[in-house]
There are 2 protein chains.
Amino acid sequence: MAGAKRATLKDVAAASGVSRATVSFVLNDTPNQSISQATRARILAVVRDLGYKPHGIARALREGTSRIVVLYIDSGLEGNYSRSYLRGLDEELAAHDHVLVVRHGPTGAGAEQQLRDAINPRAVVHFAEAYRTGHELEDRGGGRRDGLAAHTMLQIGCLAAHGHTRIALALPDAQAPLREIRELFSRQAAGELGLPSPVTVVVPRPRDAGTAAVAEFRGGHPAVTAFAGYDDDVALRTLTALHDLGVDVPGEAAVMGFDDTEYGALFTPALTTVHIDAEAHGRIAARDVLGLPTADLQAVPARVIERHTV
Amino acid sequence: MAGAKRATLKDVAAASGVSRATVSFVLNDTPNQSISQATRARILAVVRDLGYKPHGIARALREGTSRIVVLYIDSGLEGNYSRSYLRGLDEELAAHDHVLVVRHGPTGAGAEQQLRDAINPRAVVHFAEAYRTGHELEDRGGGRRDGLAAHTMLQIGCLAAHGHTRIALALPDAQAPLREIRELFSRQAAGELGLPSPVTVVVPRPRDAGTAAVAEFRGGHPAVTAFAGYDDDVALRTLTALHDLGVDVPGEAAVMGFDDTEYGALFTPALTTVHIDAEAHGRIAARDVLGLPTADLQAVPARVIERHTV
DNA sequence: CTGAAAGCGCTTACAG
DNA sequence: CTGAAAGCGCTTACAG
């Protein structure tokens, strides 16, 4: 049992007194094969005794793809969205006998191809693609129910509920991947609330650059009283800039985060933000790439975490 | 070229008018095979024309393991250590024709086995193992030159240089994986500096629990004037607790982080910390698991980033 | 200098 | 109800 060479299908067949095909049939529940309960039970017992596990590589060669799915993720793992998404994706894949593996950083086409050549993954998922584009969730009604549009509405809505009408969307940089969609959804949300369209401000790193950017922005847009962060990071940078400028938050200006990180709670004043549980999004992504139905999966609604910056 | 079925070794052999073995020999630079320059060139040209790439799965079946190495990582990716380590590991592996793949979260033995069965990785690396245990780096003299011992010394040394003699080591929780080794190295560092051994304080989440813990600790240890954080996160929590307690930093107490995150710079006062570039550690880990020599790899020394909490 | 053959561990028509 | 055979795409003794 210990240390021994790993058991192979042939071993199981030999020990059960049947052919390898038969073993394979019972292990895979192949339809239209009538194998007696007795043999079936005997084989299963041998499988257990020998600790037989199918050899993934051999299976992959035969089937054309391995039971691996790879997740490409470019952003960090600070926010709750990414963590819960990862958990959902991982668990759902595992439940369907697949294993998740992740690649970080920008996806060079070369690296992606290299990985494809190396393990023939069953599928590839790009982090939060459906959420980020809004498209797929939109098609299922999820965009406005539990997708980016809904979450943006939560953010803008919270600001509006506190009396703010001139809102700025704080962006990490001009090339932020979701910039356009976030601007769109923010505009729609403001529109529905009868507010003017949010303007946009880039709050870069490092600290003093962010402060300079916010100072300049405020000079040009004196009517703006609230900042809706693209994510918690940008919101925190904005909050810091405002602090460095001597602007009282929330007295003179409000700041709201997006996608709860652990750091927001630690700032003073602590960051008000929207908390998103994306486990269902991860599960849906898993089902999608496996070609399974997703109708029974329901995301839990996001919620505003009221702290002290609005 | 586009859309066609992927080229196979057989295709290359046929197009070059040689056997598959010959193609394999030239592609793998198999020693002790004398193949004429002419055939070699011809084969290489065909390989290029056909866009032939070895089929990783087939190769893995034949060779026994795939050219994948998996990194298990439990902690987040917030700090500079993990990011630079990941980069070094990834690049070094790629340079040796392997591909890195990562698994997040606690390593269930089951999940690890499942992945092993699925892709027969060439090797498995556990995040920063050599660094964290200190053992391997120590053996090569690296522990004190560019390992955890050296970095701990940097942290304690900075505090000492600012006149602090009673230092507390702030831990995220009592079960922190590196707790013992960090305590050991901190004690050694203090000893070398002629300081008493640091005491230990756990600063938990959430914010108010952290504050309560720090308040209680200060009650019991009034002589302590400096907190050395296990990492930036804990340091930030400690800093926040001190703020909530009305303790002036750095006037009444100093706080020092460990492993620079982006958030430290955003706090007020901004966190003094030690910045570690672990790219070489990642490269060394890659070489180690591949059985390659590492003597030429030299870590860049860590450095203290002086901000405003010491 | 090069090729025919075996074999890595599976799955799945096909034949009884 | 079950088995013998082919084949997924490679690599590597082995034989010329």
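Just so it is clear, the model here is predicted, and its values are computed rather than measured. Throughout, a chain's letter reflects where its sequence line sits, starting with A, and its residues are numbered from 1.
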> Counting a pair only when it is Watson-Crick or G-U and both distances are under 3.5 Å, which runs of at least 3 such pairs involve DNA chain C?
C:1-3 with D:14-16, C:5-12 with D:5-12, C:14-16 with D:1-3

> Taking only residues two or more places apart in sequence, or in another chain, which ones meet B:Asp117 in a salt bridge (charged side-chain N to carboxylate O under 4.0 Å, His left out)?
A:Arg6

> My understanding is that only residues two or more places apart in sequence, or in another chain, count here; which of them pass salt bridge (charged side-chain N to carboxylate O under 4.0 Å, His left out) with B:Arg62?
none

> Run the side-chain contact (heavy atoms from CB on, under 4.5 Å) test against A:Glu112 and tell me which residues pass, sequence neighbours left out.
A:Tyr72, A:Thr107, A:Arg116, A:Val124, A:His126

> Over all strands shown, is A:Thr30 touching base, sugar-phosphate only, or nothing at heavy-atom distances under 4.0 angstrom?
nothing

> Within the 4.0 Å limit for protein heavy atoms, which parts of nucleotides 4-11 of chain C are touched? Write it as a string from 5' to 3', B for base, S for sugar-phosphate only, - for none.
B-BBBBBB

> For B:Ala286, check side-chain contact (heavy atoms from CB on, under 4.5 Å) against everything at least two apart and list the hits.
B:Leu89, B:Glu92, B:Leu93

> Check for a donor-acceptor pair, side chain of B:Tyr85 on one end and backbone N or O of B:Ala128 on the other, with a separation under 3.5 Å.
yes

> Can you name the residues that form a side-chain contact (heavy atoms from CB on, under 4.5 Å) with A:Arg179, not counting sequence neighbours?
A:Leu171, A:Ala174, A:Ala176, A:Glu183, A:Thr200

> In chain order, what residues pass the salt bridge (charged side-chain N to carboxylate O under 4.0 Å, His left out) check against A:Asp231, with sequence neighbours excluded?
none

> Suppose we screen for salt bridge (charged side-chain N to carboxylate O under 4.0 Å, His left out). Which residues come up paired with B:Asp259, at least two apart in sequence or across chains?
none

